[in-house]
Amino acid sequence: MNFKILKSSSNTKARITEFTLPHGKILTPIFMPVGTNGSVKAVKHKTLSDSGINLILSNTYHLYLRPGSDIIKKAGGLHNFISWQHNILTDSGGFQIFSLAPFRKITKDRIKFRSHIDGSYHTLTPEDVIELQRVFKSDILMPLDVCTAPDTEYKKAVNAMKITHDWAARSIEYWKRYKQEWGGQLFGIVQGNFYKDLRKESAEYISSLDFPGIAIGGLSVGEPFDIFKDFLEYTAGLIDKSKPHYLMGIGTPEYIIEAIENGIDMFDCVYPTRIARNGTLFTWNGKIAIKKENFAEEFKPIEEKCSCFACKNYSRAFIRHLFKTNEILGPMLATEHNLTFINDLISEIRSSIETDTFMDFKKRFLGSYGSN
RNA sequence: UCCCCUGUAGCUCAGCCGGUAGAGCGGGUGGCUGUUAACCACUAGGUCGGCAGUUCGAGUCUGUCCGGGGGAG
């Protein structure tokens, strides 16, 4: 994978790194848009690649249920199936089974659950989940893990962590048998809920295994921002620094900045794309809800400093009109804009790390963006 | 001039045999963080055209005036 740290901030843990995946080189920090079903909702693949995005996230659980791995196998893998020749990280689906399955039972060696689509019964082992991602030919694979809610009692958190660790070891063993086939990289996931001793144990254990990258899971699951920051800082400080760091499921500009400050290299989130579809847009002066009446006659772009297609061609008034009339173009333009905004934010952050002025940038950004 | 229909929230309209009003849209607010989400939740607006009757009680019945729409001449 050839992981290299290109630049480190002197007064924070922020860093610029690069590594190579089967479908091209990754420069971090990087935000991965979420395309659960192989499509980032409301945007074409070309729109993504044109704006420099070369790593998206898909979901093993969703793709396993629909269309099923047989079809993806017949298509020649996920890249061919969805017609995306850049990198794909596939999440395992542990989080989905945790968050949405109406029925689930986790035992020591497998997970049983019912489909959210038709209620059908399914069983997956950690090996099955790696096998699915092998069929997909994912560039980054994630192992099945057990995610827990913030209010989970200690004993249950311990149990979930132990199962996660056991499955991590099994996943890596299975992956090692086949990884040469296509070069996909398996990341480990740190759990431990909101207990520092468990976070420490998990970070150390996952770091001790032979994963090419380390992910932090189980954060940003409903806890207050201060708790998130506390556990992020604590956990990120304990993972192997010679590997890429991936914080799962964030976020907003504030969360992203916090993550980068703590040495996180990669993150993914539905937030920018989902709020876009729901009519909320990022600007350097904070978010705006474009459907509000006060934008009805604003003939300027969403964000003057933005170079996205929406900002180059359309006014706030028109985009509001698209949303009010329920035109599909509204969510499309909004999504493109929000992804561009996050990309621009991250490239500014990268520049600030280059010049070792990350904290100055953070202060300046939050000063104008606000902390909403 | 006569006849019929009609006047209820910003808009379009519901309100059975009378018991002090609702919806959709629009407005406002909040939410969305390893996607079951172009979604969800909450909220503000009405002396029911005016006046006078009947009635214990009228948006609902009666009279009349005013404003719309249609028809006949």
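Convention: sequence-line order gives letters A, B, ...; per-chain numbering from 1. Quick caveat: nothing in here was measured; it's all calculated off a predicted structure.
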Legend entry - Along RNA chain B (nearest heavy atom to each residue), the more 5'-positioned of Ile328(A) and Val40(A):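 Between the two, 5'-proximity favours Val40(A).
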Legend entry - 5′-ward residue of the pair Asp91(A)/Asn326(A) relative to RNA chain B: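 Taking each residue's closest nucleotide, the earlier one in sequence belongs to Asp91(A).
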Inset, instruction - Classify the side-chain pair Gln133(A)/Thr90(A) by whether it contains a donor and acceptor separated by less than 3.5 Å. - result: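 Judged by distance alone, the side chains do pair up.
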Inset, instruction - Would you please say whether a donor-acceptor pair under 3.5 Å links the side chains of Asn59(A) and Thr36(A)? - result: no
Inset, instruction - Please tell me which of the listed nucleotides, G27(B), U36(B), U33(B), lies nearest to the side chain of Cys269(A)? - result: U33(B)
Partner of [N] by Watson-Crick or G-U wobble geometry, both contacts under 3.5 Å, or none?
N	value
C39(B)	G31(B)
G7(B)	C66(B)
C2(B)	G71(B)
G53(B)	C61(B)
G26(B)	none

Legend entry - Given Ile288(A), Asn338(A), Asp344(A), Leu339(A), the one that forms side-chain contact (heavy atoms from CB on, under 4.5 Å) with Phe282(A): Asn338(A)
What is the nucleic acid contact for [X], judged by heavy atoms within less than 4.0 Å: base, sugar-phosphate only, or nothing?
X	result
Gly218(A)	base
Lys324(A)	sugar-phosphate
Ile189(A)	base
Thr335(A)	nothing
Gln191(A)	base
Asp268(A)	sugar-phosphate

Inset, instruction - Give a yes/no answer on whether the side chain of Lys292(A) brings an N or O atom under 4.0 Å of OP1 or OP2 in G28(B). - result: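 No.
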Legend entry - Torsion-based syn/anti label for G45(B), 90° from 0 as limit: syn
Legend entry - hbond_proxy Asn59(A) side chain to G34(B) base (donor-acceptor, 3.5 Å cutoff): no
